[in-house]
There are 2 protein chains.
Amino acid sequence: MTKISLKDIAIKAKVSVGTVDRVIHKRGRVSQKALKKVQDAINELNYSPNFVARSLATKKQIKIAVFIPSPSLDSFWAQPLEGIRKAENFIKDFGFSIEVFTYNDQHPELIMQMTPQIMQGGFSCILAAPNNKEEFNQFFDQCKQNKIPYVQINTYLDRNDDLFICYIGQDSFGSGKLAAKLLDFTTKPSDTLLILHLEKEIYNAEHLIQKEKGFKEYFKIHNNHEIDIEREIFSDIHDKKKKKKFIRQMIKLYPNLAGVFVTTSKLHFVVEEFLEYGSDRIKFVGFDLIEENLSYLKKGQITFLINQNPTQQGYLAIMGIFDYLLKDETPSKIQHLPLDVVMEENLDYYLKEIKGTTMVS
Amino acid sequence: MTKISLKDIAIKAKVSVGTVDRVIHKRGRVSQKALKKVQDAINELNYSPNFVARSLATKKQIKIAVFIPSPSLDSFWAQPLEGIRKAENFIKDFGFSIEVFTYNDQHPELIMQMTPQIMQGGFSCILAAPNNKEEFNQFFDQCKQNKIPYVQINTYLDRNDDLFICYIGQDSFGSGKLAAKLLDFTTKPSDTLLILHLEKEIYNAEHLIQKEKGFKEYFKIHNNHEIDIEREIFSDIHDKKKKKKFIRQMIKLYPNLAGVFVTTSKLHFVVEEFLEYGSDRIKFVGFDLIEENLSYLKKGQITFLINQNPTQQGYLAIMGIFDYLLKDETPSKIQHLPLDVVMEENLDYYLKEIKGTTMVS
DNA sequence: CAAATTTATGTGGGCGCACACATAAATAAA
DNA sequence: TTTATTTATGTGTGCGCCCACATAAATTTG
């Protein structure tokens with residue numbers, strides 16, 4: 001009942017293990033006759049290589065580069081990083097190692113500066129979160145030139161080259177629809193709902209565009225209440241004066257405001273002001289279980305947060321790369337993770353991460 | 001930069017690898033002097049064994065038994081099984097194999113009949129879903145006698161012996177609270193909410209008791225609307241006549257019925273009748289993304305389903321056992337998985353499972 | 001047809017570890 | 001002191017695979 005080994009194949013095909021090895025790795029130098037015998041034996045015995053032994057034998061160290069926004073600038077990224085570390089812990093005995101590079105998505109010009117360093121680091125694969133559309137299209141072009149395969153997480157950039165392995169993350173469009181549904185629980189006829197982008201250069205952030213589209217899509221289908229959908233952009237969130245002014249203006253502009261959908265994790269920057277100047281009817285929906293948002297959720301001032309399984313994103317991406325490099329398994333191109341609806345009552349379970357090496361999706 | 005190996009330790013401690021091996025495995029036959037030298041070397045070089053090589057060297061096959069309700073009788077169990085298979089696919093190259101035994105929780109007397117077979121199967125570890133309290137306490141006693149460690153999923157049975165490795169699953173109490181919150185979104189003063197157990201022998205199903213407690217707990221804290229909480233038990237769900245009669249009776253008994261919480265995955269058995277005889281104000285909350293429930297969710301007749309991460313439960317349990325047996329890692333005893341609030345808009349993402357060998361939570 | 005070249009096949013060492021076995025050192029019994 | 005006995009230590013083989021190298025067979029060239 002024990003697994004079929006190379007040797008079993010060799011015996012069955014009446015050749016040496018060296019020949020079988022050559023067939024499996026398509027190294028050539030095998031006669032037609034032997035080739036067929038070996039292939040038949042492999043099929044008959046339903047052989048698949050033992051990747052544990054394979055990993056031990058190929059003593060080559062495999063390096064993976066990770067390129068994500070800095071967790072110290074945006075605490076959201078601590079979570080994917082945690083998943084990445086968890087995966088690293090698992091695959092390190094297979095000779096895999098991980099090197100993390102971080103960027104600031106508010107200063108995308110630095111991304112290009114870091115690119116050469118990453119390209120020349122001798123990495124077998126790159127995991128990147130392409131927050132900035134333009135820069136990362138260039139980055140991935142570089143990957144292509146250097147023949148380095150890559151995986152995307154969190155933000156999806158449509159790429160056609162064959163070095164793009166897969167995307168793992170949320171469906172931004174779907175998350176917009178979900179946000180709409182959550183706000184729609186409490187809408188009344190002729191209410192206003194506001195889509196609020198707290199970022200500059202929206203055009204360059206594909207995921208935000210998709211979220212807005214999804215939100216609007218929901219109300220195209222379900223607009224039984226004649227809800228008024230508005231959208232605004234404001235990026236000076238660190239300038240308190242400007243922020244207050246802006247929010248006052250919003251309240252004035254939209255007297256029937258019943259809900260605010262912030263398309264990033266930055267909802268916490270505006271909740272207080274909306275509550276102060278606006279009516280208490282206003283409900284909020286935003287993204288991500290970062291500390292700053294959680295305090296409002298716990299106080300009941302934010303009703304819903306949408307969680308995008310960040311830890312899982314990082315973990316799955318690394319493990320996918322592992323499968324790809326060690327087992328030659330090609331994953332499906334688009335892997336959408338669940339969009340969790342998080343409120344006070346189920347928050348805890350999302351926070352405590354599963355202990356032990358081997359988490360999983 | 002390559003990892004420290006046994007040999008490195010041997011050289012540093014000026015002994016042979018055999019001696020190092022003896023120290024690591026506590027096999028004795030090592031002098032005090034040598035012991036100390038080796039321990040010091042291990043600490044200094046921060047050595048940890050390469051579990052890939054270890055697995056290859058210990059050629060022994062490790063068998064894991066899985067004991068869960070039959071997926072053909074309760075389709076919920078297809079999902080944990082999927083996670084189990086996924087994990088199996090990963091660990092099979094490590095010489096691990098899995099054998100699945102199923103039982104019928106409606107006929108717990110058969111559980112004891114199967115027990116000897118499982119105990120004598122030569123398993124290194126058992127994964128069980130202890131739906132029936134009494135029988136599984138006996139079952140786990142047997143595990144203890146036979147010195148076979150075990151992991152619980154989905155239902156938690158408090159056990160004190162040191163062969164109980166861990167529990168992986170939802171927090172039943174918390175899921176009750178969450179259900180209460182979901183129904184409370186639309187309650188009005190003096191509404192009635194009904195906790196409905198569609199099982200017999202509730203006293204023997206610990207998780208159901210906990211769900212009820214959690215539900216009531218929520219309204220102890222949040223009862224601003226003077227909601228009336230009722231609870232009923234009905235188990236003849238396959239007898240349509242009795243079922244209809246029962247539901248009519250409920251409607252009559254509770255004229256202000258605004259919500260029904262079914263504590264298992266069997267909500268689909270009663271939705272239609274409640275909708276037929278009752279007011280359309282009645283909202284439903286139940287568990288599990290099984291096909292029968294999903295059709296109602298998609299039609300908008302069920303608003304919320306609570307998902308208990310079943311696939312993950314199975315996957316994590318097996319991988320936990322793997323870590324436990326191969327890496328000597330002791331996991332934390334209680335691992336609560338997230339309680340996902342699933343509605344029409346985010347359903348899809350929970351259904352499509354991540355492709356590839358190595359999922360992971 | 002022998003020699004040189006190309007192509008096909010087999011052999012052996014090693015990855016890091018576990019484990020059986022052989023040997024050496026220390027201690028006890030004769 | 002010699003011989004058993006116990007205890008300590010080292011060596012060697014193999015897990016399944018990869019890969020470098022040696023050898024053998026087929027083909028080409030002179």
Side-chain angles (χ1 to χ4, degrees), chain A residues 1-39 41-42 45-62 91-97 325-328, chain B residues 1-39 41-42 45-62 91-97 325-328:
Chain A
M1 220 19 241
T2 166
K3 242 190 109 177
I4 302 298
S5 76
L6 256 190
K7 208 171 157 190
D8 298 321
I9 302 296
I11 291 170
K12 174 130 192 140
K14 287 177 187 145
V15 294
S16 71
V17 287
T19 303
V20 178
D21 179 74
R22 255 163 256 133
V23 172
I24 285 173
H25 292 92
K26 302 193 178 71
R27 294 195 223 278
R29 318 231 131 215
V30 174
S31 68
Q32 289 298 319
K33 222 171 27 182
L35 179 68
K36 188 170 163 20
K37 281 195 293 181
V38 171
Q39 282 173 337
I42 288 176
L45 299 181
N46 193 22
Y47 170 77
S48 71
N50 181 326
F51 80 96
V52 174
R54 168 174 292 183
S55 157
L56 193 65
T58 60
K59 39 212 157 253
K60 72 162 171 287
Q61 295 289 310
I62 293 178
I91 66 178
K92 64 173 193 282
D93 278 356
F94 290 89
F96 282 66
S97 64
L325 294 178
L326 195 61
K327 305 197 196 175
D328 302 315
Chain B
M1 219 20 243
T2 165
K3 242 190 109 175
I4 303 298
S5 75
L6 257 190
K7 207 172 159 187
D8 297 321
I9 302 296
I11 292 169
K12 175 131 192 137
K14 287 177 187 146
V15 293
S16 71
V17 287
T19 303
V20 179
D21 178 74
R22 254 164 257 132
V23 172
I24 285 173
H25 292 91
K26 301 193 177 73
R27 293 195 225 277
R29 321 229 129 216
V30 174
S31 67
Q32 290 298 318
K33 223 171 26 185
L35 180 69
K36 191 174 161 17
K37 281 195 294 181
V38 171
Q39 282 173 338
I42 287 176
L45 299 180
N46 193 23
Y47 169 78
S48 70
N50 181 326
F51 80 96
V52 173
R54 169 174 290 185
S55 157
L56 194 65
T58 59
K59 37 207 157 257
K60 73 162 171 284
Q61 296 290 309
I62 293 178
I91 65 178
K92 63 174 193 283
D93 278 357
F94 290 89
F96 282 65
S97 63
L325 293 178
L326 195 60
K327 304 196 194 172
D328 302 314

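Just so it is clear: chains get the letters A, B, ... in the order the sequence lines come, proteins before strands, and each one is counted from 1.
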Rounded to whole angstrom units, what separation is found between the [atom1] atom of [X] and the [atom2] atom of [N]?
X: D8(A); N: dC17(D); atom1: CG; atom2: C1'; value: 13 Å
X: F94(B); N: dC17(D); atom1: CZ; atom2: C1'; value: 14 Å
X: K60(A); N: dG14(C); atom1: NZ; atom2: C1'; value: 16 Å
X: I24(A); N: dC17(D); atom1: CD1; atom2: P; value: 7 Å
X: R29(B); N: dT6(D); atom1: CZ; atom2: C1'; value: 7 Å
X: L326(B); N: dC17(C); atom1: CG; atom2: P; value: 13 Å
X: K37(A); N: dT9(C); atom1: NZ; atom2: P; value: 8 Å
X: D21(A); N: dG16(D); atom1: CG; atom2: P; value: 15 Å

Of the options [options], whose atoms approach the side-chain atoms of [X] most closely?
X: T58(A); options: dG16(D), dC18(D), dA18(C); answer: dC18(D)
X: S16(B); options: dC17(D), dT11(D), dT9(C); answer: dT11(D)
X: L56(B); options: dC19(D), dG10(D), dG16(C); answer: dG16(C)
X: S31(B); options: dC17(D), dT9(C), dA8(D); answer: dA8(D)
X: L6(B); options: dT9(D), dC17(C), dC15(C); answer: dC17(C)
X: A34(A); options: dG16(D), dT9(C), dC18(D); answer: dT9(C)

Check: Which value, rounded to the nearest 0.5 Å, describes the distance between S55(A) atom OG and N50(B) atom CG?
Finding: 7.5 Å
Notebook entry, point to check: To the nearest 0.5 Å, what is the distance between CG (L56(A)) and CG (L56(B))?
Noted result: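 Answer rounded to 0.5 Å: 6.0 Å.
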Checking all strands, does [X] fall into the base, sugar-phosphate, or nothing category for heavy-atom contacts under 4.0 angstrom?
X: R27(B); value: sugar-phosphate
X: N50(A); value: sugar-phosphate
X: R54(A); value: sugar-phosphate
X: V52(A); value: nothing
X: Y47(A); value: sugar-phosphate

Notebook entry, point to check: What class does the angle between the rings of F51(B) and F94(A) fall in, given that below 30° is parallel, 30 to 60° is tilted and above 60° is perpendicular?
Noted result: perpendicular
Note to self: Less than 4.5 Å apart, side chain to side chain, heavy atoms only: is that true for K12(B) and I9(B)?
What the structure shows: no
Check: Can you find a pair of side-chain heavy atoms, one from R27(B) and one from D21(B), that are under 4.5 Å apart?
Finding: yes
Notebook entry, point to check: Do you know the tightest heavy-atom contact between A34(A) and V15(A)?
Noted result: CB-CG1, 4.4 Å
Notebook entry, point to check: Between H25(A) and dC18(D), is there a side-chain N or O to OP1/OP2 distance below 4.0 Å?
Noted result: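 For H25(A), the contact criterion (side-chain N or O under 4.0 Å from OP1 or OP2 of dC18(D)) is met.
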Next item on the list: By nearest nucleotide on DNA chain D, pick out whichever of R22(A) and K7(A) is the more 5' one.
Entry: K7(A)
Item checked: Of T19(B) and I4(A), the one whose closest DNA chain D nucleotide lies more 5' -> T19(B)
Notebook entry, point to check: For Q32(A) and G18(A), take the nucleotide of DNA chain C holding the closest heavy atom to each; which residue's nucleotide lies nearer the 5' end?
Noted result: Q32(A)
